[in-house]
Amino acid sequence: MFAALSEKHEHKKVLPDLEGAENGVVMRFAPNPSGPLHIGHARAAALNDAYIKQYGGRYILRIEDTDPKRVDPEAYEMVVEDLKWLGLGITDTVTQSDRLHLYYELCTQLIGRGGAYVCTCDNEQFKELKNKKIACPCRDQSVETNFVLWDKMLTHGFKEGEASVRIKTDLLHPDPAMRDFPAFRILDAPAHPKVIAHVYPLMNFSVVADDHLLGVTHVIRGKDHIANTRRQRYIYDHFGWKVPVYRHYGRMGIEGVVLSTSQMRLGINDGTYTGWDDIRLGTLRALARRGISPEAVRNAMLAIGIGDTDISFSWDNLYAENRKIVDPVANRYFFVADPVTIVIHAAPHLTTHALLHPADEKRGVRTLVFTGAVSIPAAELERKDRAMFRLKDLFNVTVERDRGRPHLTYAGDSLADARAAKAPIIQWLPVADQIPCTLRTQEGDIAGVCEPAVRSELGKVIQFERVGFVKIDAVNDSGIVAYYTHK
RNA sequence: GCUGCUAUAGUGUAGUCCGGCCAAUCAUGCGGGCCUUUCACGCCCGCGACUGGGGUUCGAAUCCCCAUAGCAGCACCA
């Protein structure tokens with residue numbers, strides 16, 4: 001019992017401890033609703049989730065849609081679906097466009113505290129002053145003046161670009177990015193799909209407001225936010241609020257798939273990709289379609305952890321995690337790629353049975369009936385050095401070549417003979433009992449045939465013996481469509 | 001350029017805070033073997049790393065300095 005306990009404990013402690021998390025945590029995942037979630041999002045989503053499971057607490061999904069230019073109305077639902085698929089313990093969901101009034105209210109307070117001012121300078125002009133560490137004229141306005149201007153902003157008294165609210169920071173800060181950064185701006189167009197608004201908060205303001213309002217204790221996000229964290233501290237200081245604990249993980253390079261939302265959308269629109277779940281894309285729905293399990297994604301992300309070093313994402317590692325999950329459950333079938341029909345001379349007609357899973361007899365068998373001719377992968381027949389092979393679960397076959405043309409003859413049932421001859425054991429299908437199967441891979445389609453029984457595996461991951469794991473994507477009159485998962 | 005951050009095998013990761021038990025962990029990958037009616041799974045063996053240079057110390061992957069490399073930010077994006 002002790003052993004079990006300690007083992008469990010060790011297993012849990014894959015991630016480093018979080019400071020001040022002993023009494024539980026409140027954390028959040030805060031995506032932009034611009035498209036479906038991809039592997040990059042999965043890291044933040046899974047890491048936060050793991051800590052909440054470790055320490056207990058609430059997990060807030062906060063949809064950050066304060067920039068109407070970067071909102072895809074369909075993405076709200078996609079994000080929720082994707083997180084549901086990932087299997088996270090989200091406890092609360094908030095959408096920032098529903099909360100504009102809260103941000104306005106807090107901004108009014110902040111102006112009252114002298115922590116922010118309304119700036120009506122030309123943008124370029126302000127930038128120039130900022131770079132010279134000089135205050136713009138608006139900075140010294142009285143609180144009363146700022147209230148008047150803020151009210152004018154909210155009541156459409158300004159047009160886009162004419163006024164913004166800036167946070168007072170340190171104009172002498174060595175990093176220009178810290179100096180009096182903006183908190184609200186005016187946007188005339190495009191219209192926000194969810195709310196009628198004219199004044200929008202910038203990310204740094206709405207994030208602080210919400211993290212405070214929602215009681216967020218710990219924030220885990222990418223290091224691209226390090227500068228934002230520093231900026232946000234100024235807002236916390238103005239309000240006198242408690243600052244959450246931050247962790248910024250390093251950049252994760254992902255090769256082999258498309259991740260850019262705009263590039264994906266472009267490709268979908270021009271027909272390059274079939275949709276958001278096209279397997280050449282790095283979206284979670286594409287992984288799902290290929291037969292990668294959500295648990296494997298989570299495990300792979302946890303194994304990567306929260307290090308601040310830049311890393312390259314390894315598909316091999318993800319596949320290894322997935323194999324652990326999928327191997328025990330995937331039924332086995334034969335798939336013959338690029339099939340050639342062969343006739344085996346002097347062979348008895350017989351019926352054979354093969355296990356659905358080699359480690360679990362209880363799952364049953366599939367039945368294959370041999371009546372003289374079978375399909376095998378063309379590649380197996382092309383090998384000139386091959387004098388014998390064994391049709392798996394059937395019998396041995398000798399190959400003689402007459403001016404390159406193979407002549408195949410039955411060579412007994414003995415498995416021991418096949419072993420002694422080091423004959424490969426290959427998959428095959430009865431000519432009379434097979435259905436077309438297209439195997440889709442990221443590199444392209446492979447035409448082949450498979451066992452008709454595969455029809456019953458729609459939506460599941462199975463293993464095509466000697467080929468790899470595949471997900472059965474479609475079953476229809478013209479046959480089967482399977483997506484290649486991994487070896 | 002400015003402001004920061006980081007540097008352990010092919011990849012990911014532990015160890016770094018509080019120097020010795022680290023001739024450096026685990027996983028993945030690769031090579032070999034066993035098992036097996038799959039090139040899967042399982043098991044066994046092997047390969048492979050502390051970025052470089054100084055310094056502190058009896059002792060450095062661990063602390064300090066310099067160099068190099070990589071990354072992030074420098075938006076009225078998130």
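Here is the naming used below: chain letters follow the sequence lines, and residue numbers restart at 1 for every chain.
- For A:Ile311, counting side-chain heavy atoms from C-beta on, the closest listed nucleotide (B:C5, B:G12, B:G73) is B:G12.
- For A:Arg363 (side chain) and A:Val329 (main-chain N/O), a donor-acceptor pair under 3.5 Å exists by modelled atom type.
- Residue-level contact check: A:Asp316 touches the backbone only, with heavy atoms under 4.0 Å from sugar-phosphate atoms and none from bases.
- Using a 4.0 Å heavy-atom cutoff across all strands shown, A:Pro358 reaches at least one base atom of the nucleic acid.
- When the P atom is used for both B:U38 and B:U25, the distance is 34 Å, rounded to whole Å.
- The partner of B:U38 is absent, by the rule that a Watson-Crick or G-U pair needs both atom distances under 3.5 Å.
- Using a 4.0 Å heavy-atom distance criterion, A:Thr66 is classed as a sugar-phosphate-only contact.
- Between B:A72 and A:Arg251, a contact under 4.0 Å exists linking OP1 or OP2 to a side-chain N or O.
- Side-chain contact check for A:His353 and A:Arg366: no donor-acceptor pair (N or O, by modelled atom type) lies under 3.5 Å.
- Among B:A78, B:U37, B:A75, the nucleotide with an atom closest to any side-chain atom of A:His225 is B:A78.
- Set against B:U38, B:C77, B:U37, the side chain of A:Arg332 has B:U38 as its closest nucleotide.
- Put simply, A:Arg323 has a side-chain N or O that comes within less than 4.0 Å of OP1 or OP2 on B:C41.
- Which of B:A7, B:A78, B:A27 sits closest to the side chain of A:Lys324 comes down to B:A27.
- Of all nucleotides present, none satisfies the Watson-Crick or G-U wobble test against B:U56 with each distance under 3.5 Å.
- Across all strands shown, A:Arg230 has heavy atoms under 4.0 Å from sugar-phosphate atoms exclusively, and none from any base.
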Please report the C-alpha distance between A:Phe147 and A:Ile111 in whole Å, then the side-chain angles of each, then the deciding distance to 0.1 Å, and finally whether the side-chain contact (heavy atoms from CB on, under 4.5 Å) criterion is met. CA-CA 7 Å; A:Phe147 275 146; A:Ile111 289 172; 3.8 Å; yes

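- Counting non-hydrogen atoms under 4.0 angstrom, A:Asn123 reaches a base of the nucleic acid.
- Listed candidates were B:C76, B:U38, B:U6. Nearest to the side chain of A:Thr309 is B:U6.
- One P atom belongs to B:U8, the other to B:U51, and the distance between them is 6 Å to the nearest Å.
- Remark: A:Arg265 engages A:Asp72 in a salt bridge, criterion side-chain N to carboxylate O under 4.0 Å.
- Here the side chain of A:Trp428 pairs no donor or acceptor atom with the backbone of A:Phe334 at under 3.5 angstrom.
- Remark: B:G1 base-pairs with B:C74. Criterion, Watson-Crick or G-U wobble with two distances under 3.5 Å.
- Looking at heavy-atom distances under 4.0 Å, A:Ala303 makes contact with sugar-phosphate atoms alone, never a base.
- The partner of B:A9, taking Watson-Crick or G-U wobble pairs whose two distances both stay under 3.5 Å, does not exist in any strand shown.
- Among the protein residues, A:Phe334 comes within range of no part of the nucleic acid, since none of its heavy atoms lies under 4.0 Å from any strand.
- Between A:Arg185 and B:C77, a side-chain N or O to OP1/OP2 separation shorter than 4.0 Å is present.
- For the pair A:Arg166 and A:Phe126, the cation-pi criterion (under 6.0 Å, within 45° of the ring axis) is fulfilled.
- Here A:Ser314 does not reach the OP1 or OP2 of B:G10: none of its side-chain N or O atoms lies under 4.0 Å away.
- Between A:Arg221 and A:Glu64, no side-chain nitrogen of the basic residue sits less than 4.0 Å from a carboxylate oxygen of the acidic one, so the salt-bridge criterion is not met.
- Across all strands, A:Asn204 comes closer than 4.0 Å to no nucleic acid atom at all (heavy-atom distances).
- When each of B:A72, B:A75, B:C39 is scored by its nearest atom to the side-chain atoms of A:Lys487, the top-ranked nucleotide is B:C39.
- If you check B:A61 for Watson-Crick or wobble pairing at under 3.5 angstrom, you find it has no partner at all.
- For A:Asn317, no side-chain nitrogen or oxygen approaches OP1 or OP2 of B:G12 to under 4.0 Å.
- Across all strands shown, nothing is found opposite B:C22 as a Watson-Crick or G-U wobble partner with both distances under 3.5 Å.
- Checking B:C5, B:A40, B:C76 against the side-chain heavy atoms of A:Lys223 singles out B:C5 as nearest.
- Of the candidate nucleotides B:U38, B:C2, B:C77, B:C77 has the atom lying nearest to any side-chain atom of A:Leu202.
- Across the strands present, B:A14 finds no partner; the criterion is a Watson-Crick or G-U wobble pair with both atom distances under 3.5 angstrom.
- Comparing the P positions of B:C76 and B:G70 gives an interatomic distance of 29 Å, to the nearest angstrom.
- Under the Watson-Crick or G-U wobble criterion, with both distances below 3.5 Å, B:G29 is paired with B:C47.
- Closest to the side chain of A:Asp308, from the set B:A40, B:C77, B:U6, is B:U6.
- Among the heavy atoms of the strands lying under 4.0 Å from A:Glu380 is at least one base atom, whether or not backbone atoms are also near.
- Nearest nucleotide to the A:Arg166 side chain, out of B:G29, B:A78, B:C76: B:C76.
- Between A:Phe464 and A:Ala320, the residue anchored closer to the 5' end of RNA chain B is A:Ala320, taking for each the nucleotide with the nearest heavy atom.
- Using a 4.0 Å heavy-atom criterion, one finds that A:Gly250 contacts no nucleic acid atom at all.
- Shortest non-hydrogen contact noted between A:Asn228 and A:Met203 is ND2-CE, 3.7 Å.
- Taking only side-chain nitrogens and oxygens, A:Ser312 comes nearer than 4.0 Å to OP1 or OP2 of B:G12.
- Put simply, A:Arg231 has no side-chain N or O that comes within less than 4.0 Å of OP1 or OP2 on B:C77.
- Residue-level contact check: A:Gln463 touches the bases, meaning some heavy atom is under 4.0 Å from a base atom.
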